[in-house]
Amino acid sequence: MFSSVLIVCVGNICRSPMGEYLFSDKLAARGVDVSVASAGIGALVGHGADPHAVTVMAEHGINVGPHRARQLNAELATQYELILVMEEWQRKEIESLYPFARGRVHSMGKWGTGDIGDPYRKPIGAFVEAYEKIEQACDEWCKKVW
């Protein structure tokens, strides 16, 4: 069992904050104490979550308002026991940048959803689709690990 999880996407304003807050919520509901955070490979540092992400999450009772994007770095890649990415190329990129992270970087959709496409600058429907895949992936990780 892992005690810390870092969820990574590109800008850290759409998928990874949705994953961070949703995963935290699901783990807390199970009574599991796990530190969950997020970052981006090319983060829009300091920006809040995308307005569509905020809307979709609010529709599911989760407030991502406090989120601020941050850049993935060596310290974060060292600090977290499990790093979950949205797309396979992100795993390869992280392992290339931080070889010491190999074996700890996995696809969030590893257990069935596969890659979770980037909804950035797309209509809200793309965010709903991303949310649904992220939720399914969170449920699968919870079943397999916690």
So do Val145 and Phe2 actually touch side chain to side chain, heavy atoms under 4.5 Å?
yes
Are Val36 and Val8 linked, directly or through intermediate hydrophobic residues, by side-chain heavy-atom contacts shorter than 4.5 Å (ILVMFWY only)?
no
Name all pairs fulfilling the ring-ring contact (aromatic ring centres under 6.0 Å, His included) condition that reach into residues 5-47, sequence neighbours left out, sorted by first residue then second.
Phe23-Trp146
Residue Arg30 excluded, over 12 heavy atoms near CZ under 6.0 Å
yes
Residue pairs passing the salt bridge (Lys or Arg N to Asp or Glu O under 4.0 Å) test with at least one member in residues 63-86, sequence neighbours excluded, are none
I'd like to check Ile134 versus Met86 (side-chain heavy atoms, cut-off strictly below 4.5 Å). Are they in contact?
yes
Residues 136-146 vs salt bridge (Lys or Arg N to Asp or Glu O under 4.0 Å), sequence neighbours excluded, gives Lys26-Asp139, Glu140-Lys143
Looking at Lys92 and Glu95, is any side-chain nitrogen of the basic one under 4.0 Å from a carboxylate oxygen of the acidic one?
no
Measure across Lys122 and Ala126 and return the closest heavy-atom pair with its distance rounded to 0.1 Å.
CB-CB, 3.7 Å
Approximate separation, where rounding is to 0.5 Å, of Arg102 CZ and Phe100 CZ:
11.0 Å
At what distance, to the nearest 0.5 angstrom, does OG of Ser35 lie from CG of Leu82?
11.5 Å
Set of salt bridge (charged side-chain N to carboxylate O under 4.0 Å, His left out) partners for Asp118, sequence neighbours left out:
Arg15
Ile13 and Gly48 have their tightest heavy-atom pair at CG2-O, 3.4 Å
Are Ile116 and Trp89 connected into the same hydrophobic cluster when the rule is that any two of I, L, V, M, F, W, Y join if their side-chain heavy atoms are below 4.5 Å apart?
no
Work out which heavy atom in Pro119 is nearest to a heavy atom in Cys14; give both atom names and the distance.
CG-CB, 4.0 Å
To the nearest 0.5 Å, how far apart are CZ in Arg91 and CD1 in Ile83?
12.0 Å
Leu6 side chain reached by Leu72 side chain, heavy atoms, under 4.5 Å:
yes
To the nearest 0.5 Å, tell me how far Glu20 CD sits from Asn12 CG.
7.5 Å
CA sep, side-chain torsions, deciding dist, call: Met57, Asn63, side-chain contact (heavy atoms from CB on, under 4.5 Å):
CA-CA 6 Å; Met57 295 298 284; Asn63 176 18; over 6 Å; no
Give the ring-plane orientation class for Trp141 versus Trp111, where under 30° counts as parallel, over 60° as perpendicular and anything between as tilted.
perpendicular
Here the pair of heavy atoms bringing Ala69 nearest to Gly11 is CB-O, 3.7 Å
Do Thr55 and Ile124 have side-chain heavy atoms sitting under 4.5 Å apart?
yes
Could you report the tightest heavy-atom contact between Ser107 and Leu84, atom names first, then the distance?
O-CD2, 4.3 Å
Taking Ile7 as the starting point, is it possible to reach Val85 by hopping between hydrophobic residues whose side chains are less than 4.5 Å apart?
no
In short, salt bridge (Lys or Arg N to Asp or Glu O under 4.0 Å) pairs touching residues 36-55 with sequence neighbours left out are none
Keeping Gln71 on the side-chain end and Ile41 on the backbone end, is there a donor-acceptor pair under 3.5 Å?
yes
Residues at least two apart in sequence or cross-chain that pass ring pair (Phe, Tyr, Trp, His ring centres under 6.0 Å) with Phe127, listed by chain then number, are His52
Distance-only, no hydrogens or angles: does the Arg104 side chain make a donor-acceptor pair with backbone N or O of Ala77 under 3.5 Å?
yes
Taking every heavy atom of Cys142 against every heavy atom of Leu27, the minimum-distance pair comes out as SG-CD2, 3.8 Å
With a 4.5 Å limit on heavy-atom distance, are the side chains of Ile62 and Met18 in contact?
no
Starting from Tyr98, can I reach Met108 by hopping between I/L/V/M/F/W/Y residues whose side chains sit under 4.5 Å apart?
no
Cluster question for you: counting only ILVMFWY and a side-chain heavy-atom cut-off of under 4.5 Å, with indirect links fine, are Val128 and Val64 together?
yes
Can a donor-acceptor pair be found, under 3.5 Å and without considering hydrogens, that links the side chain of Gln136 to the backbone of Glu132?
no
Cys9 side chain near Glu87 side chain, heavy-atom distance below 4.5 Å:
no
Val105 versus Tyr80: any side-chain heavy-atom pair under 4.5 Å?
no
If we ignore hydrogens and angles and just use 3.5 Å, is the side chain of Asp115 paired with the main-chain N or O of Glu88 as donor and acceptor?
yes
